[in-house]
Amino acid sequence: EISVCQAQSYYAGHVAEAAASIGQLLERARANGNPSCLTWAHYIDGEIKHALGDLPGAQEAYRAAIAAGAEAESRLLVTLARSSSVTVSAQHGAPAEALEQFRRVVDEWENIGNEAAQWWTLGYLVVLLVRVGSAHDAALLAGAILGARERHPRFGRYETDVGQALADLRRRLGPTAEAMLAKGAALSYADTVDCARAAIRAAQTRA
């Protein structure tokens with residue numbers, strides 16, 4: 001019950017309220033002894049810390065969620081925690097390591113078959129590609145994401161981060177940006193995932 005309330009508070013934007021009771025959630029999850037409950041508790045703890053700007057703390061919580069999720073044999077929760085971890089790495093981690101993390105997460109969401117989570121992940125791949133200088137690949141991928149806006153979740157932080165990356169792309173590429181975005185918007189979902197994998201490989205080669 002408390003884990004549901006905690007998640008609702010966080011995702012409704014009540015971060016301070018969620019942060020005030022996260023300790024209680026973790027204690028109850030540990031006492032419960034259910035690794036799935038503990039995975040979720042650590043994951044929400046990571047999301048709260050991320051929102052509050054405690055990036056090392058967020059990454060530590062995501063790692064704890066991944067470990068507990070592996071014990072619970074929950075591919076979904078493990079991949080969710082890895083995906084949130086890589087959103088931090090996209091902006092603040094070592095580029096080569098972040099690219100490899102994205103390669104893994106993109107493959108895992110594809111294997112699980114969760115298209116909505118994949119779109120969310122690809123949005124943060126755009127953020128990383130802009131950061132490492134892969135502007136044309138980033139614009140093509142961003143176009144696909146913009147063309148599928150109704151098919152994937154968009155939380156407040158996502159909108160801000162991806163929106164900033166898109167603004168950076170338009171400044172860097174000028175008129176070329178709109179042509180690349182339009183080209184990306186015509187891609188199918190499967191082609192978008194292939195494009196993402198190719199962009200990761202190309203960026204890894206340059207890194």
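Contacts of Arg131 classified as salt bridge (Lys or Arg N to Asp or Glu O under 4.0 Å), with partners at least two apart in sequence or in another chain: none.
Looking at Leu129 and Leu141, their side chains come closer than 4.5 Å, going by heavy atoms from C-beta outward. In this structure, the side chains of Leu166 and Leu181 come closer than 4.5 Å at one or more pairs of heavy atoms. Using a 4.5 Å heavy-atom cutoff, the side chains of Leu55 and Gln91 are not in contact. Under the 4.5 Å side-chain criterion, counting only non-hydrogen atoms from C-beta, Arg28 is not in contact with Cys37. Two residues are said to be in side-chain contact when any heavy atoms from C-beta on lie closer than 4.5 Å; Met180 and Asp137 fail this criterion. Arg197 places a side-chain heavy atom less than 4.5 Å from the side chain of Asp107.
Between Asp168 and Arg172 there is no salt bridge, since no side-chain N of the basic residue sits under 4.0 Å from a carboxylate O of the acidic one. A salt bridge links Glu159 with Arg149: the distance from a Lys NZ or Arg NE/NH1/NH2 to an Asp or Glu carboxylate oxygen falls below 4.0 Å. With respect to Lys49 and Glu60, no salt bridge is recorded, no charged nitrogen being found less than 4.0 Å from a carboxylate O. By the 4.0 Å N-to-carboxylate-O rule, Arg82 lies close enough to Glu108 to be salt-bridged with it. One finds no salt bridge joining Arg30 and Glu27 here, because no Lys/Arg side-chain nitrogen approaches an Asp/Glu carboxylate oxygen to under 4.0 Å.
Contact between Thr39 and Ala65 at its shortest, heavy atoms only, is CG2-O, 3.3 Å. Smallest separation of non-hydrogen atoms from Ile200 and Leu99: CG2-O, 3.6 Å. Heavy-atom minimum distance, Thr192 versus Ala144: OG1-CB, 3.4 Å. Residues Ile112 and Thr79 come closest through the heavy atom pair CD1-OG1, 3.5 Å. What you find for Ser89 and Ala98 is that their closest heavy atoms are O-CB, 3.7 Å. Heavy-atom minimum distance, Ser83 versus Val105: OG-CG1, 3.1 Å.
Using bins of under 30°, 30° to 60° and over 60° for the plane-to-plane angle, the ring pair Tyr62/Tyr43 lands in the tilted bin. In this pair, Tyr158 and Tyr124 present their aromatic rings perpendicular. The plane angle is above 60°, beyond the 30 to 60° band.
Val78 and Trp120 sit in two unconnected hydrophobic clusters of ILVMFWY residues. Membership requires side-chain heavy atoms under 4.5 Å apart, directly or through other members.
Counted by atom type alone, Glu47 and Ser84 present one or more donor-acceptor pairs between their side chains at under 3.5 Å. Side-chain atoms of Trp109 and Thr121 form a donor-acceptor pair, as typed in the model, at a separation below 3.5 Å.
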Exercise. Which is it for Asn114 and Gln118 under the side-chain hydrogen bond (donor to acceptor under 3.5 Å, both in side chains) test, yes or no, and what are the steps along the way?
Worked result: CA-CA 6 Å; Asn114 191 320; Gln118 185 74 286; over 6 Å; no
For this session: List the steps, then state whether side-chain contact (heavy atoms from CB on, under 4.5 Å) holds for His50 with Asp54.
Result: CA-CA 6 Å; His50 192 172; Asp54 178 7; over 6 Å; no
For this session: Would you please test Arg103 and Glu100 for side-chain contact (heavy atoms from CB on, under 4.5 Å) and show each step?
Result: CA-CA 5 Å; Arg103 184 200 62 75; Glu100 180 58 24; 2.6 Å; yes
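Each of Asn34, Asp45, Leu80 was checked for a side chain to side chain contact (heavy atoms under 4.5 Å, CB included) with Trp40, and the lone residue meeting it is Leu80.
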